[in-house]
Amino acid sequence: MILRLSTAFFQTLREAPADAEATSHRLMLRAGLIRQVAGGLYTYLPLGWRIIQKIEAIVREEMDRSGAQEILAPILQPAQLWEETGRIRAYGPELMRLEDRHGRAFVLGPTHEELFTDLVRGVIRSYRQLPITLYQIQDKFRDERRPRFGLLRGREFIMKDAYSFDCDEEGMAASYEAMYQAYVRIFARLGLDTRAVEAQQGAIGGTGGSHEFMAIAPIGEDEIVYCDACDYAANVEKAQGVPSPLPAASSRAETVGQVSLPGVIETGAQAEALGVDRAYVLKTLLYEADGQPIAAILRGDHTLNEAKLAAALGVAEVTPLSEERVRKLLPKATHGYIGPLGLSEQGVGLFVEPDVMALPYAICGSNEEGFLRCGLRPHQAFADARILDLKEVYAGDPCPSCGAPLAAAHGIEVGQVFKLGTKYSAPMGAVYLDEAGQQRPLYMGCYGIGVSRIAAAVVEQSHDEDGIVWPMAVAPAHVHVVIVDMQNEEQRVMGEHLAETLSASGYEVIIDDRQEHAGVKFKDADLLGIPLRMTVGRKAGEGIVELSRRRDRKTVELKVEEIVGIVARLFGENS
RNA sequence: CGGAAUGUGGCGCAGAUGGUAGCGCGCACGGUUCGGGACCGUGAGGCCCCGGGUUCAAGUCCCGGCAUUCCGACCA
């Protein structure tokens with residue numbers, strides 16, 4: 001393959017558009033790989049599309065190797081399928097909905113569990129046909145509340161999604177393991193620094209367990225904690241809290257009664273004013289889950305993790321209770337003085353963090369402006385409440401599996417695998433007959449990889465001040481031949497010859513045959529980040545070209561005849 | 001969804017008190033250059049986001065939309 005820049009649909013930008021913030025977004029725009037169409041929507045230009053295809057090829061190879069079979073389903077799906085599982089409501093506002101001319105409801109698939117389950121239930125009859133794993137690589141739609149960071153969070157994006165179907169839990173676990181291993185191979189081949197972490201099941205659901213594959217990068221929107229002493233690693237949305245030590249209390253917290261503390265709203269300030277440890281001042285957070293008011297109760301020194309609360313309740317998300325509803329519920333309370341007492345009588349579900357139950361007594365809001373209540377006995381007050389691990393886990397907290405301090409990092413979620421169990425097969429009636437002739441629901445798993453996001457994640461992990469540094473595996477080409485002076489016949493001929501030779505040997509070549517100054521060509525080459533650059537310049541007459549490696553700028557002069565051998569060697573090193 | 005900022009040639013920006021739009025880069029043509037974003041000259045290119053309004057006159061002031069971006073959406 002030879003791509004000529006003189007005729008390519010290709011343009012670099014000297015300056016990135018002012019509203020591009022993320023490094024990968026800026027560099028991909030500047031390098032002429034993508035163009036924005038609207039918020040969260042991008043067109044992949046020829047070189048950008050090559051990158052996507054490289055990623056897809058690796059994903060496809062490893063999927064096929066694992067035994068999965070590729071299909072292609074429609075993006076547009078009848079909403080009715082989503083009614084069957086109830087996800088039409090549960091998925092929330094991120095689901096793109098639309099109607100056809102007859103007023104029939106459709107959705108643009110953000111994921112395809114229903115579609116694939118529907119497909120398989122129409123085909124699979126017997127355990128003899130199982131197990132089976134199907135996948136596709138296709139556009140997905142999510143009506144993001146805030147698309148951002150270029151390809152990292154778009155409204156339309158490319159995803160590989162796979163679904164496994166097994167007879168039972170053990171089969172499902174084996175399919176899951178096979179996919180997990182395929183993912184490990186995929187991210188290794190892509191050259192991404194990735195870490196698998198325990199994850200929340202979220203809107204996809206299921207109960208069997210889930211792992212996310214996180215590309216480590218500061219811009220990552222997910223926070224993970226991991227243990228260097230053992231192999232524990234989890235998204236903070238999932239990270240298990242361990243009991244915190246009990247700080248020394250004061251009699252102030254123990255003595256039953258009201259205390260007036262007007263204008264002190266925050267638990268830290270309240271604790272200080274009362275001379276007690278902050279742990280003893282409870283925070284009562286009012287939320288709404290599926291329209292129902294609920295209260296989360298934590299120690300003052302702890303932070304609520306909303307994702308844990310939502311997961312425990314089995315809803316997609318929880319939102320803070322609106323001010324109007326709070327006023328209706330607790331007319332006399334204001335900001336800072338909300339407490340748990342009397343809430344359950346009003347139908348508010350109470351969810352209490354275990355560390356709260358460990359407190360012998362505590363201080364909480366009185367539900368009346370300006371007053372706190374002291375001497376609350378959690379084990380009595382919350383006798384009927386649900387006890388839930390709700391607190392945020394931070395770097396330095398003890399590892400739940402070995403106790404060593406946890407480390408934290410930001411990650412870009414590039415893949416996730418789920419054990420779904422019968423979450424979709426049961427409501428949708430996807431069943432098979434076992435050896436005994438018994439009808440049983442299929443056990444499913446689902447497995448996603450964010451193909452377009454990976455391109456951006458690679459750039460986030462691999463760039464310098466001059467531009468992108470593509471790993472060989474996903475680079476839009478292997479070698480970038482720069483003809484320094486197009487007026488010079490010798491250089492032109494040699495450049496063309498080189499490109500032909502390399503291409504004939506199976507390498508993908510970009511040749512810069514534009515009528516541009518050397519400086520422009522070098523700058524563009526750096527920006528574009530092809531792993532190997534071959535410069536045909538003033539020594540062309542002596543049969544010498546210059547080979548330089550983008551990654552470390554290491555440069556050597558070579559005789560033309562040596563080129564193919566050297567490239568082969570460097571290619572083997574996965575430059 | 002809440003808050004904020006910004007919308008002026010392809011990109012980056014400037015356009016005090018309202019007076020009919022400019023700079024740099026890019027683009028086209030000519031010439032000189034030719035190994036790290038060259039130089040000189042000439043030129044093309046703008047519904048100033050959209051819709052109302054005020055005014056003799058609106059890029060500029062007022063109202064309403066739309067779009068893009070950023071921050072937030074744990075201390076109730």
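Residue numbers start from 1 in every chain, and the chains themselves are labelled A, B, ... in the order their sequence lines are given, proteins ahead of strands. The shown structure was predicted, so the numbers you read here are calculated from the model rather than taken from an experiment.
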Under 4.0 Å between any heavy atoms, over every strand shown, what does [X] touch: base, sugar-phosphate, or nothing? Just pick one.
| X | answer |
| --- | --- |
| A:Y337 | nothing |
| A:R553 | nothing |
| A:N305 | nothing |
| A:L321 | base |
| A:T535 | base |
| A:L304 | base |
| A:R30 | base |
| A:G336 | sugar-phosphate |
| A:R327 | nothing |

With sequence neighbours excluded, residues passing ring-ring contact (aromatic ring centres under 6.0 Å, His included) with A:Y42: A:H25
Partner residues of A:D485 under the salt bridge (Lys or Arg N to Asp or Glu O under 4.0 Å) criterion, sequence neighbours left out: none
Specify the separation, in whole Å, of atom [atom1] of [X] and atom [atom2] of [N].
| X | N | atom1 | atom2 | answer |
| --- | --- | --- | --- | --- |
| A:I294 | B:A76 | CD1 | C1' | 13 Å |
| A:I338 | B:C75 | CD1 | P | 12 Å |
| A:L350 | B:A76 | CG | C1' | 14 Å |
| A:E369 | B:A76 | CD | P | 12 Å |

Check: [Y] and [X] side chains under 4.5 Å, non-hydrogen atoms:
| X | Y | answer |
| --- | --- | --- |
| A:L528 | A:I510 | yes |
| A:L341 | A:L376 | yes |
| A:I219 | A:T23 | no |

Taking the minimum atom-to-atom distance to the side chain of [X], which one of [options] wins?
| X | options | value |
| --- | --- | --- |
| A:E15 | B:G24, B:C34, B:A76 | B:G24 |
| A:P17 | B:G12, B:A38, B:G35 | B:G12 |
| A:V326 | B:C34, B:G35, B:A76 | B:A76 |
| A:R145 | B:C27, B:G36, B:A73 | B:A73 |
| A:K283 | B:G35, B:G36, B:C75 | B:C75 |
| A:E266 | B:G35, B:C75, B:G36 | B:C75 |
| A:R538 | B:G35, B:G36, B:A76 | B:G35 |

Could you tell me how far [M] sits from [N] if I compare only their [atom1] atoms? Round to whole Å.
| N | M | atom1 | value |
| --- | --- | --- | --- |
| B:A67 | B:C75 | P | 29 Å |
| B:G12 | B:U69 | P | 13 Å |
| B:U17 | B:G30 | C1' | 45 Å |
| B:U33 | B:C48 | C1' | 38 Å |
| B:A58 | B:G15 | C1' | 14 Å |
| B:G3 | B:A28 | C1' | 46 Å |
| B:U20 | B:G59 | P | 10 Å |
| B:C49 | B:A44 | P | 24 Å |

base_contact_polar (B:G12 base, A:R26 side chain, donor-acceptor, <3.5 Å): no
Quiz item: A:Q11 side-chain donor-acceptor pair to B:G10 base, under 3.5 Å: no
Can you confirm whether [X] is buried at [atom1], in the sense that more than 12 heavy atoms of other residues, nucleotides or ligands lie under 6.0 Å from that atom?
| X | atom1 | result |
| --- | --- | --- |
| A:K332 | NZ | no |
| A:E272 | CD | no |
| A:R377 | CZ | yes |

Where at least one partner belongs to residues 41-50 of chain A, residue pairs that pass salt bridge (Lys or Arg N to Asp or Glu O under 4.0 Å), sequence neighbours excluded: A:R50-A:E508
Between [Y] and [X], is there a side-chain donor-acceptor contact under 3.5 Å, judged purely by atom types and distance?
| X | Y | answer |
| --- | --- | --- |
| A:S210 | A:K238 | no |
| A:H302 | A:S244 | yes |
| A:T267 | A:R278 | yes |

From A:D552 atom CG to A:R550 atom CZ, the distance as rounded to the nearest 0.5 Å: 10.5 Å
Atom pair CG/CG of A:L29 and A:L45 - distance to nearest 0.5 Å: 9.0 Å
RNA chain B: stems of at least 3 consecutive Watson-Crick or G-U pairs whose donor-acceptor distances fall under 3.5 Å: B:1-7 with B:66-72, B:10-13 with B:22-25, B:27-32 with B:38-43, B:49-53 with B:61-65
Syn/anti state for B:A28 [syn: chi within 90° of 0]: anti
Under 4.0 Å protein heavy-atom contact, by nucleotide of nucleotides 42-47 of chain B - B base, S sugar-phosphate only: ------
Nucleic acid footprint by protein, nucleotides 66-71 of chain B - heavy-atom cut-off 4.0 Å, B for base, S for sugar-phosphate alone: --SSBB
Residue met sooner reading RNA chain B from 5', once A:L285 and A:A518 are mapped to nucleotides: A:A518
A:T319 vs A:E288, side chain to side chain donor-acceptor pair (under 3.5 Å): CA-CA, chis, key distance, verdict: CA-CA 5 Å; A:T319 49; A:E288 192 175 324; 4.6 Å; no
